[in-house]
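Remember, it's 1-based here, ligands and their atoms both numbered in the order they're listed.
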Amino acid sequence: MATRHFLTLLDLSSDELAYLIQRAITIKNGLKTHGPTYTPFSNRTLAMIFEKSSTRTRVSFETAMAQFGGHALFLSPRDTQLGRGEPIGDTARVLSEMVDAVMIRTFSHDDLHAFATASEVPVINALTDDYHPCQLLADVMTWAERHGNIRGRTAVWIGDGNNMCHSWINAARQFDFNLRICCPEGYDPDSAITAAAGDRVTILRDPQAAVDGADLVTTDVWASMGQEEEQARRETDFKGFQVTEALLDRASNDAIFLHCLPAHRGEEISETLLDDPRAVVWQEAGNRLHAQKALLEFLLLGRIEH
Ligand code: CP
Ligand code: NVA
């Protein structure tokens, strides 16, 4: 059977993604009830290549492997031959001889793709400049825990048309919900990614109108990793796009607020938004662990039918 990778949400079918969300909830409940006694990855190894910083992604993948009875290796380009120019394809082939799966956080999505093409073991996208699909597994899981199936609901993305926004667009396609995207002019998501989602996705300019009656509101930093020198200009351009408690009041009564974190209080969110009961960001962050356990299990062992 061909090796399965998880580079975007489109690499799995809608049915497989729905399975993963339910499986993640089952795994989470099992951990709560029995502790880390389910160890299907005895002696298995995940290589984790980080070319950008991380807190949640590193800790969740490393903890997932440890709790599953396996092992995770943290590889930074500073300390590996990747940083000295060893070709991506060569690195992928070497790692395929030794580890069971590879997780990569990098800049270029094309580089990630090149790595996966040469890899004989599953490759997981842990964030590129273009996508962050693992975060969306945790985000949809968080919705599911709160309110069940997200199908037909309305989510709103406020802010930059960035990697997270692109993954929200793919999620709208795969989980079949409506997504309103509200960005300042000049910061829209990639038009081909948006077009492929058809009428599930609409672009709006007014945050007040975008949030009206919505079920879920989400945002992200205005300057992503690699865009640090644009910070000042973006703070000006994104003025008026801050998510506040008052903005959330326009959403439906049981709406939730998500943020992949890290958050910049006083920029994309108000100073106090994360203290609002509608913000479920700590549950969302914790769900990275459970959702990625379900993903790793699926890529290495296939569906678990019990
Ligand atoms: N949300 C997320 O991916 O966080 P980290 O950058 O800390 O991994
Ligand atoms: N858009 C952000 C997400 C961080 C998890 C970034 O790429 O920096």
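For atom 6 (O) of ligand 1, the nearest non-hydrogen atom from the set His132, Arg105, Glu284 comes from Arg105.
Smallest separation of non-hydrogen atoms from Arg151 and Asn149: N-OD1, 3.0 Å. The two residues Ala263 and Ile269 have their closest heavy-atom pair at CB-CD1, 3.8 Å.
Ring centroids of Tyr187 and Phe238 are separated by less than 6.0 Å, placing the two rings close together.
By the 3.5 Å distance cut-off applied to N or O atoms, Arg105 is not counted among the residues near ligand 2. Between Leu261 and ligand 1, a contact under 3.5 Å exists for at least one N or O pair. At a 3.5 angstrom cut-off on N or O pairs, His132 does not count as close to ligand 2. Geometrically, ligand 1 and Gln135 share a nitrogen or oxygen pair separated by less than 3.5 Å. Residue Pro262 places no N or O, backbone or side chain, under 3.5 Å from any N or O of ligand 1. For ligand 2, the polar-atom distance check finds an N/O of Ser224 within less than 3.5 Å of one of the ligand's N/O atoms.
Formation of a donor-acceptor pair under 3.5 Å by the Asn125 side chain with backbone atoms of Phe6 is not found in this model. Between the side chain of Asp212 and the backbone N or O of Ala209, no donor-acceptor pair lies under 3.5 Å. The main-chain N or O of Gly198 is never found under 3.5 Å from a side-chain atom of Arg173 such that the two would form a donor-acceptor pair. Remark: side-chain polar atoms of Arg105 are paired, donor with acceptor, to backbone N or O of Ser53 under 3.5 angstrom. With Thr33 contributing its side chain and Gly30 its backbone, the two residues share no donor-acceptor pair below 3.5 Å. Remark: side-chain polar atoms of Thr45 are not paired, donor with acceptor, to backbone N or O of Val99 under 3.5 angstrom.
For Asp160, no heavy-atom contact with ligand 2 is shorter than 4.0 Å. At a 4.0 Å heavy-atom cut-off, ligand 1 does not touch Leu127 at all.
Every heavy atom of Asp129 sits 4.0 Å or more from the atoms of ligand 2.
Short contacts between ligand 2 and Asn162, defined as distances under 4.0 Å to a heavy atom of the residue, involve ligand atoms 1 (N). Set against the non-hydrogen atoms of Asn163, the atoms of ligand 2 under 4.0 Å away are 1 (N), 2 (C), 6 (C), 7 (O). Here is the list of ligand 1 atoms found below 4.0 Å of a heavy atom in Cys260: 1 (N). The ligand atoms of ligand 2 that sit less than 4.0 angstrom from a heavy atom of Leu127 are 3 (C), 4 (C), 5 (C), 7 (O). Applying the 4.0 Å criterion to heavy atoms of Leu261 picks out, from ligand 2, the atoms 5 (C).
The protein heavy-atom contact nearest to atom 2 (C) of ligand 1 is Arg288 NH1, 3.3 Å. Taking atom 3 (C) of ligand 2 as the reference point, the nearest protein heavy-atom neighbour is Asp220 OD2, 3.6 Å. At the shortest separation from atom 4 (O) of ligand 1 among protein heavy atoms lies Arg56 NE, 2.8 Å. Nearest protein neighbour of atom 7 (O) of ligand 1, counting heavy atoms only, is Thr55 N, 2.7 Å. At the shortest separation from atom 8 (O) of ligand 2 among protein heavy atoms lies Met225 N, 2.8 Å.
Remark: Arg303 engages Asp15 in a salt bridge, criterion side-chain N to carboxylate O under 4.0 Å.
Checked against side-chain contact (heavy atoms from CB on, under 4.5 Å), Asn163 has the following partners two or more places apart in sequence or in another chain: Leu127, Asp220, Ser224.
The ring-ring contact (aromatic ring centres under 6.0 Å, His included) contacts involving residues 85-128 comprise His109-Tyr131, where partners must be two or more places apart or lie in separate chains.
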